[in-house]
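Inspection log for the structure reproduced underneath, given as structure tokens.
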Amino acid sequence: GDGVLIEHVELSGTRVPSRNGAGIRHEGGRLTLRDCRLHHNEMGILSYNERRGELTVEDSEIDSNTAQTELHGRLGHNIYVGRIGRFTLRNSTVRDARIGHLVKSRAAVNLIEDNRLVDSLGASYLIDLADGGAARVIGNRMEKSAAAPNRTAIAYGAESAASSADPLASGGSLLVERNDYRVSGSPGTFVRNHSDTLARLAGNRLPAGTIPLQGPGQVQ
């Protein structure tokens, strides 16, 4: 589908033999979720690799999506966006993954603003921008628990941002601005930039002892 709106819908309980049952599987063009709740699926939203695709999630709650896997024990991403053109997450609550990430995206363009991103079960990254790209993370309230298996909140370009095989994943940008970050346990790192892109951090509120940025960039 293209130009699809899903509004005022609750989805839960999706299970499949391959253990990646998604409340919503996005494989088409433009998809918007508004005022929805996706919870207790193996994956919340799972997106295909379709460059013309666009996904917008707003005013929604996505939580507790966790798969049982033989290899990893418990793994699930609340949102896993493939290599699409644009991903927007706005005015939403994303919380309580386990071992997996709250938000993982490989989109060429990412806008993540005015959300509540809360880990209380032991999610890995709060935000994983695995392929880099153009990203703006603005005005979010973010919380990381002591149970998290790593101590980084936001990862950028950890998997393929430096790869010349994908031109949309290189030469990106990263702006992280006016976020309120809280953490239990070791304060760790707020942003880990694995790419050559210069990150820009400005106006973020961080707990004492937190390393604002690891990797190229500047902090204001």
Side-chain angles (χ1 to χ4, degrees), residues 1-67 69 75-95 97 100-115 117 123 125-138 140 155-161 163 165-173:
D2 193 11
V4 174
L5 170 64
I6 300 176
E7 192 171 28
H8 312 314
V9 171
E10 180 178 0
L11 297 168
S12 67
T14 306
R15 300 284 184 271
V16 298
S18 59
R19 299 185 176 91
N20 67 341
I24 292 178
R25 182 70 176 255
H26 171 219
E27 296 186 353
R30 290 174 291 116
L31 170 65
T32 299
L33 274 67
R34 183 179 300 139
D35 189 26
C36 292
R37 186 177 178 209
L38 280 69
H39 63 97
H40 295 93
N41 305 286
E42 291 174 327
M43 298 279 182
I45 302 171
L46 185 58
S47 157
Y48 191 63
N49 297 324
E50 173 56 70
R51 281 301 189 193
R52 69 185 180 90
E54 297 183 11
L55 173 63
T56 299
V57 179
E58 55 189 16
D59 303 316
S60 295
E61 183 170 4
I62 302 174
D63 70 277
S64 309
N65 297 285
T66 299
T69 68
L75 175 66
H77 303 306
N78 276 323
I79 301 176
Y80 190 173
V81 180
R83 292 184 173 95
I84 64 174
R86 179 181 293 269
F87 168 56
T88 302
L89 177 65
R90 181 185 297 120
N91 296 328
S92 295
T93 296
V94 184
R95 60 180 176 85
H101 309 308
L102 294 188
V103 178
K104 180 168 184 172
S105 177
R106 300 181 184 274
V109 177
N110 296 277
L111 175 59
I112 300 173
E113 64 176 4
D114 298 326
N115 302 288
L117 307 174
Y125 299 125
L126 302 183
I127 300 173
D128 181 19
L129 303 171
D131 288 352
R136 295 166 60 89
V137 181
I138 300 175
N140 301 282
Y156 178 86
E159 297 182 29
S160 59
S163 172
D166 186 354
L168 287 178
S170 59
S173 61

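Values below: all heavy atoms of this structure, side chains included; hydrogens, waters and symmetry mates excluded.
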Is any side-chain heavy atom of [X] closer than 4.5 Å to a side-chain heavy atom of [Y]?
X    : Y    : value
E159 : D128 : yes
V57  : V94  : no
T93  : D63  : no
D35  : H8   : yes
E10  : H39  : yes
L111 : R136 : yes
I6   : L31  : yes

Look up atom [atom1] in [X] and atom [atom2] in [Y], then write down how far apart they are to the nearest 0.5 Å.
X    : Y   : atom1 : atom2 : value
N115 : S60 : CG    : OG    : 10.0 Å
L126 : N78 : CG    : CG    : 11.0 Å
S105 : H77 : OG    : NE2   : 11.5 Å

| note | Nearest heavy-atom contact between K104 and A130 is CE-CB, 3.9 Å
| remark: Closest non-hydrogen atoms of Y156 and A135, given as atom of the first, atom of the second and distance, are CE1-CB, 4.4 Å
| request: Output yes when D59 and R34 qualify as a salt bridge under the 4.0 Å nitrogen-oxygen rule, no when they do not. | output: no
| query | When you measure from the side chain of E54 to the backbone N and O of R30, does any donor-acceptor pair fall under 3.5 Å? | reply | no
| message | Looking at G133, is its backbone amide N or carbonyl O close enough to the side chain of N110 to form a donor-acceptor pair, meaning the two atoms are under 3.5 Å apart? | response | no
| query | Under the criterion side-chain contact (heavy atoms from CB on, under 4.5 Å), which of L38, V9, L11 is the partner of L33? | reply | L38
| field | For T14, all residues meeting side-chain hydrogen bond (donor to acceptor under 3.5 Å, both in side chains), sequence neighbours excluded | value | N41
| said: Can you list everything that forms a side-chain hydrogen bond (donor to acceptor under 3.5 Å, both in side chains) with S47? Sequence neighbours excluded, please. | reply: none
Donor-acceptor pairs under 3.5 Å, side chain of residues 84-91 to any protein atom, not counting sequence neighbours: which ones?
from	atom 1	to	atom 2	distance (Å)
R90	NE	E113	OE2	3.0
R90	NH1	E58	OE1	3.3

